[in-house]
Amino acid sequence: MKKGDHLFLVDGSGYIFRAYHALPPLTRKSDGLPVGAVSGFCNMLWKLMLDARNTEAGVVPTHFAVIFDYSSKTFRNELYPEYKANRSAPPEDLIPQFGLIRQATKAFELPCIEMEGFEADDLIATYARLACEAGGDTTIVSSDKDLMQLVGPSVSMYDPMKDRQINVPEVVEKWGVPPEKMIDLQALTGDSVDNVPGVPGIGPKTAAQLLEQFGDLDTLLARAAEIKQDKRRQSIIDNADKARISRELVRLKVDVPVTDVLEDFVLQPPNGPKLIGFLKTMEFTSLTRRVAEATGTEAGEVEAVPVSVQWGADRHGPDVGSGAAPAATAAAPAARANGGNAAAAAPSSASAESGNVHDTPTALANKIAERAASQKFDHAAYVTIRDLATLNNWIAEARQAGVVAFDTKTTSLDPMQAELVGFSLATAPGRAAYVPLAHKSGRGDLLGGGLVENQVPVRDAIAALKALLEDASVLKVAQNLKYDLVVLDRHGIDVHSFDDTMLLSYVLDGGTNGGHGTDSLSEKWLGHAPIPFKEIAGSGRNVVGFDQVDIDKATAYAAEDADVALRLWRVLKPRLAAKGVVSVYERLERPLVPVLARMEQRGISVDRQILSRLSGELAQGAARLEDEINAIAGERFNIGSPKQLGDILFGRMGLPGGTKTKTGQWSTSAQVLEDLAAEGHELPRKIVDWRQMTKLKSTYTDALPGFINPETKRVHTSYALAATTTGRLSSSDPNLQNIPIRTTEGRKIRTAFIADKGNKLISADYSQIELRVLAHVADIGQLKQAFADGVDIHAMTASEMFSVPVEGMPSEIRRRAKAINFGIIYGISAFGLANQLSIPREEASDYIRKYFERFPGIRAYMDETKAFCRENGYVETIFGRRIHYPEIRSSNPSVRAFNERASINARLQGTAADIIRRAMIRMEDALVAARLSARMLLQVHDELIFETVENEVEATIPVVRHVMENAAMPAVSMSVPLHVDAHGANSWDEAH
DNA sequence: ACAGAAGCTTA
DNA sequence: GTAAGCTTCTGTT
């Protein structure tokens with residue numbers, strides 16, 4: 001650089017946020033990718049470049065660079081840990097744009113500069129100094145006041161959005177001090193956004209006046225006693241240290257050891273085809289046109305760069321096709337640039353890869369899927385990371401890409417007991433690596449399990465990964481992230497910004513055939529069967545922990561998982577917008593992941609003694625019954641074997657009324673045994689009782705103690721987010737959603753679920769939520785009125801149907817109405833109702849007919865649901881969750897009928913499930929805001945269990961009720977009130 | 001060792 | 001009639 005040269009430094013990071021907030025929200029590409037900030041950035045850059053070519057414009061850049069922040073951690077954090085500590089995560093839809101803006105910069109052929117540990121402002125300060133020393137001028141493209149300290153004879157600022165130059169007079173006009181005093185001024189005023197303390201009570205006006213009077217900060221602090229105003233004087237004396245610290249925070253570093261030299265910044269003429277390729281991908285039509293005109297490129301002949309780049313950078317590895325195509329386009333001189341060349345460099349599916357501006361979102365999403373299915377996997381290309389430097393390179397690569405898929409590898413399926421063994425990550429399709437951390441050598445248990453050599457020390461790796469995983473500006477992608485969240489939280493890592501491919505699939509394809517696990521998704525979308533776990537770690541009695549797996553094998557397996565997750569994400573995420581289910585994913589699924597992770601980690605206390613005592617009682621009871629049963633039967637047999645029992649009851653003893661199961665066995669179901677008992681037979685009653693006792697013993701009193709975690713002494717269930725068709729959660733290991741309650745014997749098990757000493761449990765459950773949802777969605781006047789009046793809904797139904805007054809209603813009448821109400825929710829059939837009430841099918845049909853006469857709106861609702869489902873193949877909850885029933889069009893009448901009932905139920909059950917999800921997502925913040933210590937422990941479909949300190953029970957209940965009862969708002973204003981009952985007590989039994 | 005059926009628990 | 005998960009038995013691998 002020489003005298004007369006002019007350097008333009010664009011504050012890229014500052015610009016991202018300004019462009020984002022200045023432009024209309026939710027500017028999205030057709031596939032749903034938010035690109036508002038990218039658009040603003042490109043327009044601004046183009047305008048600057050245009051000025052560069054227009055010699056009449058006055059300021060003509062000869063050198064040009066765009067500067068970015070590297071991460072939120074800088075040397076200032078060491079100076080003052082609270083620096084920028086209160087800065088919240090960037091907005092959701094801005095995150096994917098960070099990477100895109102860096103790509104945009106490169107499409108403009110401009111240097112993209114960033115450096116770890118330094119803010120963009122420090123790099124700008126350093127380069128401005130270097131340019132000044134070389135005799136050149138600098139224009140800083142920004143309007144950030146933090147940069148104004150740099151303004152001087154050879155440095156000016158330019159605000160592209162207001163088209164305004166900022167020189168010394170402008171700084172003085174705005175702040176009342178010249179640029180060289182900006183540092184002192186900011187030291188006094190502080191900055192609430194960046195958490196720079198400053199001196200309380202001193203604003204810009206006062207600061208300027210004080211600096212005018214005393215000259216500079218040091219003089220001011222030394223002579224503070226001379227200040228006349230009492231308060232102001234005292235504040236400055238008291239906060240002198242804060243002012244000094246603030247000064248160091250706001251002073252920009254002009255001597256950053258930068259690696260790029262100014263000569264690298266020489267402005268290149270724009271590469272029309274390369275730039276247009278990018279702009280087309282972004283669907284910036286008007287800018288594409290303007291660039292085409294200005295560069296003399298035929299835009300129509302330039303292919304959009306392959307759509308794979310839209311969700312992340314795509315610069316690495318053997319990504320056949322997508323890697324080749326943009327390179328070919330970029331290399332092609334303007335005169336030769338045409339679609340044929342670009343496409344020719346790619347495999348034959350290239351035409352399908354290229355996004356077309358006129359594609360519908362669905363067509364685009366399908367093209368992405370088509371392309372993903374054709375890309376190959378190469379296990380040999382995966383990298384094993386064996387030292388920290390290499391790991392850091394990969395982390396830097398992930399930051400560049402803006403998106404990284406990852407997976408943790410551990411020793412257990414239980415995240416509460418799992419030991420971290422390794423970590424895999426993928427930054428682009430085919431570009432994946434595995435970091436072994438705790439692999440042990442073969443004969444581990446004999447020789448103490450020595451660590452295999454050449455593994456990154458766990459402590460170092462965790463620290464390095466923590467920075468990446470906690471950085472909200474890099475999107476993390478994982479399959480079933482909840483597991484990893486629990487494992488990582490135990491290592492002090494709190495993951496920010498993530499997507500979960502399992503949940504993407506669940507939202508898109510809930511109800512369709514095939515699960516949402518890695519293997520089935522990979523098979524389905526990528527046409528690739530990943531290495532089976534068995535092949536790596538064995539199966540059955542030969543299974544070994546992942547820490548025993550050979551590192552080369554582990555690399556192939558683990559890196560592949562991350563690779564698969566990344567590729568799946570690129571296929572699935574665009575489909576979300578194409579199918580119109582973005583908000584289901586963003587509001588009902590993703591935010592629940594960390595909530596459930598925390599609930600699982602908390603667990604619940606279970607009293608071993610109580611269970612042990614119950615177990616003994618049940619064992620005694622069952623033994624006594626066993627003797628009696630054997631005596632009556634006249635022989636010893638295995639009572640637990642339905643086959644043997646059936647033979648005895650209906651064969652040897654010749655009892656009447658036997659029915660067969662579909663496999664031709666005698667049915668010995670509780671229903672059959674109850675019927676026999678009602679006829680006076682002694683044995684069936686005892687069998688039923690024996691079954692109940694052994695069931696309670698084996699499933700609950702014997703099994704639950706085995707789930708008490710040795711470290712936490714609590715039971716940690718696992719919630720599945722993507723296991724049910726309707727949107728409900730499921731619970732397993734152990735299942736805490738089917739703890740007995742109906743019988744007094746079974747209910748005793750709940751007395752073992754207790755609050756810790758000094759605490760209470762609170763149970764809060766929705767009353768009749770599914771019937772209320774029915775009243776709302778089917779718009780049934782009588783039901784809505786009944787719920788509004790708070791009357792007994794089953795009695796009201798009975799009264800309507802059988803013309804019996806609610807007062808003094810016989811319990812049998814009410815029982816029947818209740819069964820009908822439940823039947824409606826389940827998509828009623830005469831067969832089912834007859835079974836439930838033990839009445840003839842004809843009688844059940846009469847009930848149903850009568851019900852529909854009294855509530856014609858319900859029949860209309862059911863018919864409408866079936867018709868919609870037949871037409872579309874799915875039904876929707878009121879929050880837009882889609883539940884698929886492809887078999888509703890089956891030619892098999894019973895299959896069809898089953899799907900019709902399921903679809904009717906799914907709208908109701910699914911809506912109720914969505915409502916409680918919303919409540920759970922909001923609950924933590926509501927409790928914190930109310931300064932309550934209560935924490936959610938369990939969810940049982942319409943019930944939430946909390947634990948809190950004893951003296952906060954009364955204060956907690958109204959907060960919990962409020963969140964639950966208003967959970968549908970504001971998305972849906974329900975026409976029926978939701979009602980929640982809540983109680984606090986020492987055990988789950990008493991609280992319910 | 002695993003898979004499916006039967007049976008039972010919950011909302 | 002809807003939605004789940006767990007245990008035991010039974011037959012196959």
Side-chain angles (χ1 to χ4, degrees), chain A residues 510-511 534 538-543 637-646 660-673 687-688 690-700 702-704 706-707 717-720 723-743 745-747 749-750 765-771 774 819-837 841 844 847-848 862 883 885 894 897-910 912-913 916 938-943 992:
Chain A
K534 283 194 288 192
S539 68
R541 69 170 57 169
N542 299 318
V543 276
F637 70 105
N638 185 347
I639 307 169
S641 162
K643 187 173 141 69
Q644 294 182 34
L645 177 62
K660 296 280 182 78
T661 66
K662 65 180 171 199
T663 53
Q665 294 289 316
W666 289 111
S667 170
T668 65
S669 67
Q671 181 66 63
V672 169
L673 299 179
I687 304 283
V688 169
W690 179 88
R691 278 190 182 163
Q692 190 198 21
M693 287 187 182
T694 52
K695 172 76 178 178
L696 293 176
K697 185 170 182 291
S698 66
T699 308
Y700 302 105
D702 288 352
L704 281 172
F707 285 100
T717 184
S718 171
Y719 287 106
T724 72
T725 43
T726 56
R728 275 189 175 181
L729 304 180
S730 78
S731 156
S732 65
D733 310 296
N735 180 357
L736 295 185
Q737 290 181 324
N738 71 347
I739 302 302
I741 190 168
R742 276 141 77 149
T743 65
E745 281 305 304
R747 197 172 171 138
I749 290 164
R750 291 193 173 217
D765 67 304
Y766 284 106
S767 158
Q768 307 286 5
I769 188 167
E770 288 179 8
L771 274 179
L774 171 71
I820 292 167
N821 276 334
F822 275 102
I824 296 295
I825 292 169
Y826 298 153
I828 203 153
S829 79
F831 181 84
L833 183 63
N835 261 345
Q836 176 68 28
L837 288 175
R841 183 115 55 99
Y847 284 175
I848 294 169
M862 291 179 144
I883 302 149
Y885 291 98
S894 69
F898 175 82
N899 279 273
E900 288 172 353
R901 290 195 297 272
S903 67
I904 288 164
N905 173 256
R907 282 182 78 182
L908 308 175
Q909 189 182 111
I916 197 166
L938 305 177
Q939 188 251 40
V940 193
H941 308 309
D942 64 359
E943 175 188 14
H992 192 88

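Remember, it's a predicted structure, so these values are computed and weren't measured experimentally. Computation of the quantities below employed the complete heavy-atom set of this structure, encompassing side-chain atoms and omitting hydrogens, waters and symmetry-equivalent molecules. A note on names: the letters A, B, ... follow the listed sequences, proteins ahead of strands, and every chain is numbered from 1.
- Judged by distance alone, with hydrogens and angles left aside, the side-chain atoms of A/Tyr719 form a donor-acceptor pair with the main-chain N or O of A/Gln939 at under 3.5 Å.
- Using a 4.0 Å heavy-atom distance criterion, A/Ala703 is classed as a sugar-phosphate-only contact.
- A/Ala670 comes within 4.0 angstrom of the backbone, heavy atoms only, and of no base.
- In this model, the phosphate group of B/dA6 is approached by a side-chain N or O of A/Thr663 to a distance below 4.0 Å at OP1 or OP2.
- Relative to the six-membered ring of A/Trp666, A/Lys643 misses at least one condition, a distance below 6.0 Å or an angle of at most 45° to the axis.
- Between the P atom of B/dA11 and the CG atom of A/Leu729 lies a distance of 15 Å, rounded to the nearest Å.
- What separates CG of A/Asn738 from P of B/dT9 is a distance of 10 Å, to the nearest Å.
- Of the candidate nucleotides B/dG7, B/dT9, C/dA3, B/dG7 has the atom nearest to the side chain of A/Thr661.
- What separates CG of A/Leu645 from C1' of C/dT10 is a distance of 15 Å, to the nearest Å.
- Distances shorter than 4.0 Å separate none of the side-chain N or O atoms of A/Asn638 from OP1 or OP2 on C/dT8.
- Contacts of A/Ser731 with the nucleic acid, taken as non-hydrogen atoms under 4.0 Å apart, involve only primed sugar atoms and P, OP1 or OP2.
- Using a 4.0 Å heavy-atom criterion, one finds that A/Ile741 contacts the sugar-phosphate atoms exclusively.
- Residue contacts shown for A/Ala819 include a base, since a base heavy atom lies under 4.0 Å away.
- Nucleotide C/dT2 holds its P atom 13 Å from the CG atom of A/Leu833, rounded to whole Å.
- Of all non-hydrogen atoms in A/Asn638 and A/Gln644, the two that sit nearest each other are N-OE1, 3.0 Å.
- Atom-to-atom distance recorded for A/Arg691:CZ and A/Met693:CE is 14.5 Å, nearest 0.5 angstrom.
- We find that CD of A/Gln939 is positioned 10 Å from C1' of B/dA11, with the value rounded to whole Å.
- At whole-Å resolution of the value, CG in A/Leu774 and P in C/dA3 are 17 Å apart.
- Between A/Pro740 and A/Arg750 the shortest heavy-atom distance is O-NE, 2.8 Å.
- In this structure, A/Glu943 reaches neither bases nor backbone, as no heavy-atom distance under 4.0 Å exists between it and the strands shown.
- Each of A/Thr726 and A/Pro734 was assigned the nucleotide of DNA chain C with the nearest heavy atom; the assignment lying further toward the 5' end belongs to A/Thr726.
- A donor N or O paired with an acceptor N or O is found under 3.5 Å between the base of C/dT2 and the side-chain atoms of A/Gln909.
- Phosphate proximity of B/dT10 to A/Arg742: present, with a side-chain N or O under 4.0 Å from OP1 or OP2.
- Using a 4.0 Å heavy-atom distance criterion, A/Leu696 is classed as making no nucleic acid contact.
- Between A/Ser732 and C/dG5 there is no side-chain polar atom (N or O) within less than 4.0 angstrom of OP1 or OP2.
- Per the geometry, CD belonging to A/Gln692 stands 17 Å off C1' belonging to C/dT8, to the nearest Å.
- The nucleotide whose nearest atom lies closest to any side-chain atom of A/Asn735 is, among C/dA4, B/dT10, C/dG5, C/dG5.
- At B/dC8, one or more side-chain N or O atoms of A/Arg691 fall inside 4.0 Å of OP1 or OP2 (strictly under the cut-off).
- Note on A/Gly823: a base of the nucleic acid sits closer than 4.0 angstrom, heavy atoms only.
- Distances shown here put a side-chain N or O of A/Arg901 below 4.0 Å from the OP1 or OP2 atom of C/dT2.
- Among the heavy atoms of the strands lying under 4.0 Å from A/Ile828 is at least one base atom, whether or not backbone atoms are also near.
- For the OP1/OP2 pair of C/dA4 and a distance below 4.0 Å, the side-chain nitrogens and oxygens of A/Thr725 include at least one atom meeting the criterion.
- Listed pair A/Gln644 / C/dT10 meets the phosphate criterion, a side-chain N or O lying under 4.0 Å from OP1 or OP2.
- When the P atom of B/dT9 is taken as reference, atom NE2 of A/His992 falls 17 Å away, rounded to whole Å.
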- [ ] Determine, step by step, whether A/Ile769 and A/His941 satisfy the side chain to side chain contact (heavy atoms under 4.5 Å, CB included) criterion, reporting the C-alpha distance in whole Å, the side-chain angles of both residues, the deciding distance to 0.1 Å, and the verdict.
- [x] CA-CA 10 Å; A/Ile769 188 167; A/His941 308 309; over 6 Å; no
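- Between the side chain of A/Thr717 and the backbone N or O of A/Pro734, at least one donor-acceptor pair lies under 3.5 Å.
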